[in-house]
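The structure appears below as structure tokens.
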Amino acid sequence: MALLAQPGTYNLTDYEQTYQSFNFTDYQHAHKKEAVNVAYFAVDQHVKSGLGAKIALHYVNGEEVVSYTFREVKQQVDQLVHVLREREIQVGERVYIFLPKNPTNYFAILAAIKIGAIAVPLFEGFMTDALHERINDSYGKVLITTKNFASRIDFQAVPSVTEVLYEEDLHNLTVEDDYVYWATPETPFLMHYTSGSTGQPKGVIHAHRAYLHHQLSGHWVLDLKPDDIYWCTSHPGWVTGSVYGLFAPWLNAATIVVQAGRFDAKQWYRVIDRLKVTVLYSAPTAFRLLKAAGDVYQSFQLDSLRHVLSVGEPLNPEVITWAKKYLHVRIHDTWWMTETGGHIVVNLPSEVIKPGSMGRPFPGITVKILDDDGNEVPHGTIGQLAVKAPWPGLMQTIWKNKAKFDGYFNDAGYYLSGDLCYQDEDGYIFFSGRVDDMINARGERIGPFEVESALVKHPAVKEAGVIGKPDEVSGEIVKAYITLNDHFVETEDLIDEIKVFVKHQLSFHSAPKEITVLDELPKTQISGKILRRELKQREQLVKLS
Ligand code: WT7
């Protein structure tokens with residue numbers, strides 16, 4: 001059952017016509033600038049063009065709301081620019097931003113970018129090993145954090161870090177440095193670590209040229225207009241939180257909402273009501289939790305909401321139907337990845353939604369569904385979603401791993417996503433799964449290898465195989481199969497202890513929610529590699545029996 005567009009004026013009104021006529025090469029050419037800086041375009045440019053007094057950010061922290069104009073944001077950023085310049089941070093230097101979801105986080109990311117460094121935002125839930133692993137991979141010297149968060153890091157174990165800037169010391173700064181490093185479009189500005197099914201997380205590097213993709217998708221897909229109050233619920237440590245929480249909205253001079261803390265149905269409805277949020281970008285798990293919270297929404301005025309979007313994991317049709325019926329909005333699914341740097345498959349507010357579909361290719365983007373031999377499959381047949389390279393948001397490389405970067409592309413120059421999908425006759429794309437063992441829990445991408453490595457550090461654990469187990473609310477949960485070392489006996493306490501152990505090493509979201517102890521794990525005969533596929537099958541058999 002398709003959902004028609006709601007009446008209204010949208011920034012992009014005719015998808016088919018735009019898709020036919022638009023291409024990124026011409027667009028990039030028309031907007032060609034030798035000297036660019038995403039941070040400058042996101043803030044300074046608006047102050048210069050007379051929007052200095054416009055509200056840029058509402059920060060909601062419990063009962064308190066603190067607001068900043070674009071002029072105030074520029075001031076805050078320029079104070080941090082001064083601090084960073086005093087430390088003689090070089091162009092291309094990695095600057096870690098490990099902060100809660102608060103304004104300083106956004107300002108620090110921009111300050112790093114403004115001076116030509118590479119901002120590396122880190123998720124606030126990361127614990128010791130997850131942090132050490134990432135920092136030691138990219139070996140940056142500056143870390144911006146809080147005293148509380150810093151206690152999770154053993155500084156002996158991250159020798160590259162020689163400058164730690166504590167948020168507590170960054171308030172009441174007085175000196176501003178209105179400095180801009182004029183970069184080329186290919187200068188790196190942002191790195192997000194992301195998980196694959198093998199190996200430790202890798203650093204996906206984005207270049208300043210991505211701003212065109214961010215800006216245009218903010219205009220067409222988020223449909224941002226001057227009066228919008230836009231709320232993206234993701235933490236800037238994830239690419240959704242940086243690209244669509246910061247860059248896309250501010251490149252479009254929209255007012256953003258930043259809310260401290262994680263999900264709470266009542267709080268979320270309250271934020272929408274209090275700040276009169278008009279555009280909301282969140283994830284299926286959050287929408288499922290809102291649905292599960294029942295009639296809580298009735299105590300709030302939500303009619304300011306005019307456009308709602310989702311990303312990160314499959315969006316169930318039932319949730320779309322629920323939102324339409326009770327909140328009177330359509331949820332627009334979007335598909336992209338850390339590596340793609342911006343929207344690739346989208347549902348636009350002016351177009352028909354087919355619940356269950358992630359939408360159609362963004363204008364300027366060519367996709368194909370390929371079989372194992374790299375040939376295009378007919379409509380309705382499942383294959384791997386591939387995207388014709390390049391496009392402006394596409395990652396520039398993988399940090400210190402050109403081979404890994406090259407491995408993403410086939411001989412015909414298509415980026416291979418690892419996602420299995422099919423496309424219908426109208427061009428709508430439907431998600432069906434992954435080609436590999438990557439886990440997606442609550443829209444967060446979790447590499448089984450990273451979790452397995454953490455598990456075997458526990459003295460009781462001999463071997464570990466980690467899979468995603470289907471779950472009604474989270475999409476998937478992290479499930480571990482382990483064998484125990486001699487002299488260890490399976491008890492409830494031991495299992496809990498192992499769960500907590502991983503939580504303290506990696507993060508709450510990647511710690512196993514379930515652990516099953518086996519006498520032996522299934523392995524390949526020759527190399528002795530643990531067969532996660534068989535563990536997955538076992539999980540399904542258990543469910544059936
Ligand atoms: C993986 C990318 C950058 C977006 C946030 C996640 C899955 C993403 C959807 C969707 C079904 C989705 C894919 C993709 N995914 N969007 N609309 N429907 N699955 O970014 O952490 O890089 O993860 O998330 O499997 O490959 P990410």
Side-chain angles (χ1 to χ4, degrees), residues 121-123 125 190-197 201-206 210 213-214 217 221-222 232-248 281-288 308-317 319-320 331-348 353-362 367 369 382 384-387 393-395 398 408 415-423 428-448 450 468 470 474-476 507 509-510:
L122 296 167
F123 175 52
L190 178 70
M191 168 155 66
H192 280 287
Y193 277 92
T194 193
S195 303
S197 63
K202 48 194 188 287
V204 177
I205 295 272
H206 291 284
H213 194 164
H214 299 168
S217 51
V221 184
L222 304 180
C232 169
T233 58
S234 176
H235 183 274
W238 305 119
V239 76
T240 304
S242 71
V243 170
Y244 292 106
L246 195 179
F247 304 118
Y281 199 3
S282 195
T285 295
F287 293 120
R288 286 192 288 266
V308 178
L309 306 101
S310 172
V311 70
E313 44 167 339
L315 179 65
N316 345 31
V319 178
I320 298 187
I331 304 180
H332 300 73
D333 197 8
T334 58
W335 178 92
W336 60 294
M337 302 176 70
T338 305
E339 293 88 338
T340 74
H343 289 145
I344 297 293
V345 176
V346 296
N347 281 291
L348 295 165
I353 285 179
K354 296 190 185 188
S357 167
M358 312 192 292
R360 289 179 286 181
F362 186 87
V367 305
I369 312 287
I382 292 174
Q384 185 173 180
L385 180 59
V387 190
L394 174 65
M395 62 179 161
I398 297 293
Y408 275 100
Y415 165 84
L416 301 172
S417 68
D419 278 13
L420 294 168
C421 300
Y422 67 91
Q423 190 168 29
Y428 283 79
I429 296 166
F430 295 75
F431 179 84
S432 105
R434 284 284 305 174
V435 300
D436 56 22
D437 301 327
M438 208 164 74
I439 302 164
N440 190 328
R442 300 179 156 236
E444 281 156 8
R445 182 165 152 185
I446 297 158
E450 196 183 11
S474 302
E476 288 184 324
S507 67
H509 79 282
S510 50

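Just so you know, these numbers use all the heavy atoms, side chains as well, and skip hydrogens, waters and symmetry mates. When a ligand or atom number is given, it counts from 1 through the structure's own listing order. In this chain, residues are counted from 1 in sequence order.
In this structure, Phe430 and Tyr422 have parallel ring planes: the angle between them is below the 30° cut-off, well short of the 60° mark. Ring pair Phe362/His213 is tilted by interplanar angle, where 30° to 60° counts as tilted.
One finds the CZ atom of Arg360 at 7.5 Å from the CG atom of Leu348 (value rounded to the nearest 0.5 Å).
Not counting sequence neighbours, the partners of Ser217 by the side-chain hydrogen bond (donor to acceptor under 3.5 Å, both in side chains) test are Tyr244. In terms of the side-chain hydrogen bond (donor to acceptor under 3.5 Å, both in side chains) criterion, residue partners of Arg442 (sequence neighbours excluded) are, by chain and number, Ser474. Judged as a side-chain hydrogen bond (donor to acceptor under 3.5 Å, both in side chains), and not counting sequence neighbours, the contacts of His192 are Ser242.
Taking a heavy-atom cut-off of under 4.0 Å, ligand 1 is surrounded by Val239, Thr240, Val311, Gly312, Glu313, Pro314, Asp333, Thr334, Trp335, Trp336, Met337, Thr338, Met358, Asp419, Phe431, Arg434, Asn440, Arg445.
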